[in-house]
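Since this is a predicted model, take the numbers as computed values, not measurements. In what follows, chains are A, B, ... by sequence order, proteins preceding strands, each numbered from 1.
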Protein chains: 2
Amino acid sequence: MGTVSKALSLLSFFSRSRSLIGLSEMSRLAGMNKTTAHRMLTELQAAGFVEQANSSREYRLGPAFLRLAALREATVPMRDLAQSVVDELAAQTGETAHVSLLNGIMLSTIAYAYAHQHGLQVTMDDAEILPLHATSSGHAVLAFSDPAFAKNALEHTLEAYTASTLTDRKMLAAKMADVRTTGLAEAISAFETDVHTHAVPLFDARQACIGAVAIAAPAARMTPELREAIRAALLESGPRLTRLMGGFLPPSYTQREAAE
Amino acid sequence: MGTVSKALSLLSFFSRSRSLIGLSEMSRLAGMNKTTAHRMLTELQAAGFVEQANSSREYRLGPAFLRLAALREATVPMRDLAQSVVDELAAQTGETAHVSLLNGIMLSTIAYAYAHQHGLQVTMDDAEILPLHATSSGHAVLAFSDPAFAKNALEHTLEAYTASTLTDRKMLAAKMADVRTTGLAEAISAFETDVHTHAVPLFDARQACIGAVAIAAPAARMTPELREAIRAALLESGPRLTRLMGGFLPPSYTQREAAE
DNA sequence: TTCGTATGGTTCATTATTTGAACCGTTGGT
DNA sequence: ACCAACGGTTCAAATAATGAACCATACGAA
């Protein structure tokens, strides 16, 4: 891993719950010498990727991302497209829909929409990070990713978020096989209790899996009818969003469709 | 300049008009060896900062910025605040308002709003980049920035965008002195012909100038009354936005107010 | 076809940069 | 006054970045 990657990895320690990080803390988190962390933060700061907050000298994410994100959206309007699809899905199914993209070995949510017909809805956070092994989106991605990638991703510790989280690699492998045949991942209370989710994979122009579109409903509200409605909506919307974003479905996905 | 800065500088070659850049082209643009450019792009790609588009193997900005921008906004809701202020300003004055932040030696627009009362409006681009020497926002920033920074920023070639662009450093210095006394920069057809703009500076928590809020009107519509309305609106909104974003006005700005 | 010239990507000895222990000067708590 | 933690800096030693030359490929012209 080169110096640039190390420097950029510092950015991943910022999160919603830890938005300010001091020099010493950062060097500890990253397992780096303080000098190294300092020089890297200085360079990131020069680029506007981090900045030092107020009176405290702690660092936080910088303003450069606003411009770069806008520029990214101007060239590849993924978020806009994803937003329009989740808006539709939420309206169709009456449940919360979201699109997450692969970012390293985690998923980041780039768009979500609530249906406003029920008082009880699964809620989402901006920039929420989802683990691959514990979410239906993650299962959809793992099932259709390069096997080497999936293997590597599951090498990491598999945290049990709930009592139902799959942490056994054999059971996960069986689940993936199942997802591959149906083209759809389903998870109940895997990441958050009493949340029932479905997800389908998304692919890029090289037919590589890049994320998933998912629908999350309160487990209590799940009926066979709702389940069918969700599955039908996702099986239509997933491929459509893939095409909208300029992607192509791989044989591993389309052959399944033909077999059905 | 360290390796990290060099790698990050590659990102600045992407723009609205040049969203795809090949390896060779990038190495030429950055004045780097192809090997170096390639390794850096590979590392940026691993972080999701660039990605290779479609069938062509050219690079473009990656999806990581979506998440990081969302996270930045979650910690520092600058854009939201800026948006609310420009919305107000556009409604008040009937002209296009925008907020731009300093990014290196350029300004990037993070929020803008149109007034919908006239057919003719100055239009803005997302992620538009403004030069410091040729815009009223730039003049506002230069006038209230650290003199060393301003000097350095003006060392670069001063492109003449229109016949009225100030490209003479002495004239620019005089202009800056003027801006410092009034607290407000005014430019007519400096960046785009027939556009008359006013701008006031914005400051961060350390009292450093970080950008400007501006109003752009068609030159043909500018009357003494409109001019006064714009100036009054900006002189109220600028300091207010500074405070909203957690910043403080420096003595160089407040003393001017006291002197008036 | 053949040639010429682009392209993206790779190799490896040379070179320059990164690294880390120890160090300051401050700050905040006891 | 003390201690501990903070952000930040120094400099020899270790490591990573660099660039010329190199493939393989793709495209257009002759």
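- Here A:Ser24 reaches the OP1 or OP2 of D:dG7: one of its side-chain N or O atoms lies under 4.0 Å away.
- Put simply, CD1 on A:Ile21 is 16 Å from C1' on D:dC6, counting in whole angstrom units.
- Phosphate contact (OP1/OP2 of C:dT19, side-chain N/O of A:Thr35, threshold under 4.0 Å): absent.
- Spacing between atom CZ of B:Arg39 and atom P of D:dA20 amounts to 14 Å, rounded to whole angstrom units.
- Here A:Thr3 does not reach the OP1 or OP2 of D:dA16: none of its side-chain N or O atoms lies under 4.0 Å away.
- Counting to the nearest Å, the P atom of C:dA6 and the CZ atom of B:Arg28 are 9 Å from each other.
- Under a 4.0 Å N-O distance rule, the pair B:Lys34/B:Glu25 does not qualify as a salt bridge.
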Check: Please walk me through it: do A:Ser17 and A:Ser15 pass side-chain hydrogen bond (donor to acceptor under 3.5 Å, both in side chains)?
Finding: CA-CA 5 Å; A:Ser17 55; A:Ser15 70; 3.3 Å; yes

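- Contact check, A:His38 against D:dG7: no side-chain N or O comes under 4.0 Å of OP1 or OP2.
- Nucleotide D:dA17 holds its P atom 14 Å from the CG atom of B:Leu41, rounded to whole Å.
- For B:Met26 and C:dT7, the CE to C1' distance is 15 Å, given to the nearest whole Å.
- Which of D:dG19, C:dA21, D:dA17 sits closest to the side chain of A:Asn33 comes down to C:dA21.
- Remark: P of C:dT18 and CG of A:Leu44 are 13 Å apart, rounded to the nearest angstrom.
- Two rings, from B:Phe49 and A:Phe49, have their centers less than 6.0 Å apart.
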Notebook entry, point to check: Passes side-chain hydrogen bond (donor to acceptor under 3.5 Å, both in side chains), B:Ser137 versus B:Ser100? Steps please.
Noted result: CA-CA 7 Å; B:Ser137 295; B:Ser100 306; 4.6 Å; no

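- The side chain of B:Gln52 has C:dG8 as its nearest neighbour among C:dG8, D:dA17, D:dG7.
- Residue B:Tyr59 places at least one side-chain N or O under 4.0 Å from the OP1 or OP2 atom of C:dG9.
- A salt bridge is absent between B:Glu58 and B:Arg18; no separation between the charged side-chain nitrogens and carboxylate oxygens falls under 4.0 Å.
- Closest-nucleotide positions on DNA chain D for B:Met40 and A:Leu23 were compared, and the one nearer the 5' end corresponds to A:Leu23.
- The CD-C1' distance, from A:Glu58 to D:dA5, rounds to 13 Å in whole Å.
- One finds no side-chain N or O of A:Lys6 lying less than 4.0 angstrom from the OP1 or OP2 phosphate oxygen of C:dT18.
- No hydrogens or angles were tested; on distance alone, a donor-acceptor pair under 3.5 Å links the side chain of B:Lys34 to the base of C:dG9.
- One interatomic measurement links the two molecules: CE of A:Met32 to C1' of C:dG20, which rounds to 13 Å at whole-angstrom precision.
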